[in-house]
Amino acid sequence: MYDPTVFDNLKVAFENELYDLDNLEEEITIVSRTDTLEMSIMAKEFRLGFQLSDEHAVTAEVCLYASLQDLASEILEEPNSNPSCTLRLFFYVDIDRNKVEAQCSKIEKGLGDIWTQQNPPKQTLQYQYGREKTIHNTIEINFNRKINENQMEDIPNLIEHMLHSLEMLTDMYKEAL
């Protein structure tokens, strides 16, 4: 009989919470979903992107990742292994090219206040030729540890933090207009 991995169980838990917020609460809108098995390295990745229902300037995305080592140690029930996977969060927003330093600094402080963790959010900026007025900011939040089913009860709180982050980034976006 098939026994789902930690990755599979966490994926379903995130899907349940987020799709309920989309379909039942109508608080968010799911805008993307990717469920990948990377055959070249035998890794699994799941991404689910969403926006606030009434605001589409900022997108949030949950990313779960399980490497071959993560999956194999669990499936083979290796002694002293701790089945887990990596969780990363992403936020995508356009910022004013003329206010990059101020806006990136404000984003770092705002998200730092919400997430209160050791690592500051990583911001990667890029722009498209011909769209010189705006720069696309990809904001990544990493955690210093892997997660497993012991953190299942933290998922609603984590999603609440993501919603708060979306609201803060949306407000910042509107102020910059």
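Side chains included, hydrogens not; waters and symmetry mates left out as well; all remaining heavy atoms used.
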Same cluster or not: [X] versus [Y], using hydrophobic residues (I, L, V, M, F, W, Y) connected whenever any side-chain heavy atoms lie under 4.5 Å apart?
X	Y	value
V31	F14	no
F90	L166	no
Y92	I95	no
I155	Y65	no

Report, as yes or no, whether the 6.0 Å neighbourhood of atom OH on Y127 holds more than 12 heavy atoms from other residues, nucleotides or ligands.
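No, because the 6.0 Å sphere around OH of Y127 holds 12 heavy atoms or fewer from other groups.
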
With a 6.0 Å cut-off (strictly less than), is the heavy-atom count around NE2 of H161, excluding the residue itself, greater than 12?
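Check passes, neighbour count above 12.
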
Please report the interatomic distance [atom1]([X]) to [atom2]([Y]), rounded to the nearest 0.5 Å.
X	Y	atom1	atom2	result
K44	L68	NZ	CG	12.0 Å
N137	Y173	CG	OH	13.0 Å
S165	L158	OG	CG	9.0 Å
K11	C85	NZ	SG	11.5 Å

Does a side-chain heavy-atom distance below 4.5 Å link [X] with [Y]?
X	Y	value
T124	Q126	no
L10	L87	no
E140	R88	yes
P121	W115	no
D70	T5	no
L71	M42	no
F143	I141	yes

Sequence neighbours left out, cut at 3.5 Å: what donor-acceptor pairs do the side chains of residues 16-23 make with other protein atoms?
from, atom 1, to, atom 2, distance (Å)
N16, ND2, V12, O, 3.4
D22, OD2, I30, N, 3.4
N23, ND2, Y19, O, 3.4

Check residues 97-111 and write down every donor-acceptor pair under 3.5 Å in which the side-chain atom is one partner and the other belongs to a residue at least two apart or another chain.
from, atom 1, to, atom 2, distance (Å)
Q103, OE1, D96, N, 2.9
K106, NZ, E175, OE1, 2.5
K109, NZ, D113, OD2, 2.9

Could you walk me through whether I135 and D94 pass the side chain to side chain contact (heavy atoms under 4.5 Å, CB included) test, one step at a time?
CA-CA 5 Å; I135 292 181; D94 287 338; over 6 Å; no

Of D8, D35, I147, V6, which meets side-chain contact (heavy atoms from CB on, under 4.5 Å) against L64?
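The single option meeting the side-chain contact (heavy atoms from CB on, under 4.5 Å) with L64 is I147.
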
For N148 and N150, which heavy atoms make the closest approach, and how far apart are they?
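Minimum heavy-atom contact is OD1-N, 2.8 Å.
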
What side-chain donor-acceptor pairs closer than 3.5 Å can you find for residues 45-60, not counting sequence neighbours?
from, atom 1, to, atom 2, distance (Å)
E45, OE1, R47, NE, 3.3
R47, NH1, E61, OE1, 2.5
Q51, OE1, H56, ND1, 2.8
Q51, NE2, H56, O, 3.4
Q51, NE2, T59, OG1, 2.9
S53, OG, E26, O, 2.8
S53, OG, E27, O, 3.2
S53, OG, I28, N, 3.1
S53, OG, I28, O, 3.2
E55, OE2, K174, NZ, 2.7

